Amino acid sequence: MTFPQIEPSSIDIRCGRNASSLWTPVKTATVQAGATVGFGIGDPVIDEYDRPMIFHPGYAAAWLSKSPTDDLDAYEGDGDWFRILGVTKRTEQSLDFSLPENQKYAQYPFDIVWGTFALDSYNFTIAKTTPPGKYLLRFEHIYPDTKDTQYYVNCAQVEIVNDGAIGTPGPTAKIPGVYQRGQPGTLLSPLFAIFLHHQ
């Protein structure tokens with residue numbers, strides 16, 4: 001993941017800082033509709049932890065945006081996006097904080113209720129009815145801070161193949177455009193955060 005974006009109207013919220021245009025060649029993964037894909041967390045490692053991980057509480061989501069041409073390298077993601085994953089509560093992939101080796105991450109009750117907290121990767125399925133084509137696949141983690149919401153985002157290039165039934169993805173949104181500064185659900189009240197961190 002990249003360093004956080006705090007301006008939801010910036011183009012950098014799409015795929016990361018200076019990432020909408022290619023700087024170096026990028027590989028495109030071929031993915032069968034219905035297959036499992038995922039994103040992993042890389043460096044840096046935060047000082048108090050022993051591995052790269054999602055170290056903020058918050059919501060996670062994955063999105064797809066289809067390139068209008070076969071030249072995926074030239075597509076900047078300025079078309080329509082549709083969400084294929086949303087993670088708020090704990091899931092079967094969430095870290096088990098009852099295990100002794102994971103208890104060091106469970107400092108605050110507010111942190112450990114989020115499904116992706118302290119994970120170093122998250123896997124999800126491309127829907128079986130996804131139309132074939134070349135796409136940007138985007139993963140985001142949103143930290144609803146008390147001062148300014150932080151968006152951690154990154155993208156991958158994929159070519160989805162599908163010989164089966166084809167659906168119509170939706171609803172769609174533009175990125176930037178899907179989030180607004182101070183939007184309910186992406187910003188915490190300072191008093192609420194203080195309360196939660198002292199339980």
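Side chains are part of it too, since the values below use all heavy atoms of this structure and drop only hydrogens, waters and symmetry mates. These numbers were taken from a predicted model, which means no experiment stands behind them.
- Atom-to-atom distance recorded for Tyr105:OH and Phe55:CZ is 13.0 Å, nearest 0.5 angstrom.
- Interatomic distance, Thr116 OG1 to Arg90 CZ, rounded to the nearest 0.5 Å: 10.5 Å.
- For the pair Ile166/Pro131, a side-chain contact is recorded, criterion being any heavy-atom separation below 4.5 Å from C-beta on.
- Between Tyr122 and His141, the ring centre distance reaches or exceeds 6.0 Å.
- By the 4.5 Å heavy-atom criterion applied to side chains, Trp63 and Val153 are not counted as neighbours.
- Distance alone, capped at 3.5 Å, places no donor-acceptor pair between the Gln150 side chain and the Ile142 backbone.
- Counting non-hydrogen atoms of other residues, nucleotides and ligands closer than 6.0 Å to CG of Asp163 gives a total of 12 or fewer.
- Between Pro176 and Arg14 the shortest side-chain heavy-atom distance falls below 4.5 Å.
- Although no hydrogens or angles enter the test, the distance criterion places a donor-acceptor pair under 3.5 Å between the side chain of Gln93 and the main chain of Asn123.
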Next on the checklist: Test side chain to side chain contact (heavy atoms under 4.5 Å, CB included) on Ile160 and Ile126; report intermediate values, then the result.
Outcome noted: CA-CA 9 Å; Ile160 295 176; Ile126 301 293; 3.8 Å; yes
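- For the pair Asp148 and Arg181, the salt-bridge criterion is met [side-chain N within less than 4.0 Å of a carboxylate O].
- Judged by distance alone, the side chains of Asp73 and Gln157 do bring a donor and an acceptor atom under 3.5 Å apart.
- For the pair Pro144/Tyr59, no side-chain contact is recorded, criterion being any heavy-atom separation below 4.5 Å from C-beta on.
- Tyr152 is not listed as a side-chain neighbour of Ile54, based on a closest heavy-atom distance of 4.5 Å or more.
- Ring geometry for Tyr143 against His56 counts as parallel: the plane angle stays under 30°, on a 0 to 90° scale with 60° as the upper cut.
- Side chain of Glu7 to main chain of Ser9: a donor-acceptor pair is present (N/O by atom type, distance under 3.5 Å, no hydrogens or angles).
- Between Phe124 and Phe39 the shortest side-chain heavy-atom distance falls below 4.5 Å.
- No side-chain donor-acceptor contact under 3.5 Å links Thr172 to the backbone of Trp81.
- Looking at Asn102, its side chain does come within 3.5 Å of a backbone N or O of Asp96 through a donor-acceptor pair.
- In this structure a side-chain-to-backbone donor-acceptor pair under 3.5 Å is present from Gln32 to Val161.
- Proximity of Arg138 to Ile13: side-chain heavy atoms (C-beta onward) are separated by under 4.5 Å at one or more points.
- Met53 places none of its side-chain heavy atoms less than 4.5 Å from the side chain of Ile41.
- Using modelled atom types, one side-chain atom of Asn162 and one backbone atom of Lys128 make a donor-acceptor pair closer than 3.5 Å.
- The main-chain N or O of Ala61 is never found under 3.5 Å from a side-chain atom of Arg83 such that the two would form a donor-acceptor pair.
- In the hydrophobic cluster analysis, where Ile, Leu, Val, Met, Phe, Trp and Tyr join through side-chain heavy atoms closer than 4.5 angstrom, Ile84 is grouped together with Leu136.
- Here CG of Leu137 is found 14.0 Å from CD of Glu159. Values are rounded to the nearest 0.5 Å.
- Ring orientation note: the planes of Phe97 and Phe117 are tilted relative to one another, at an angle of 30° to 60°.
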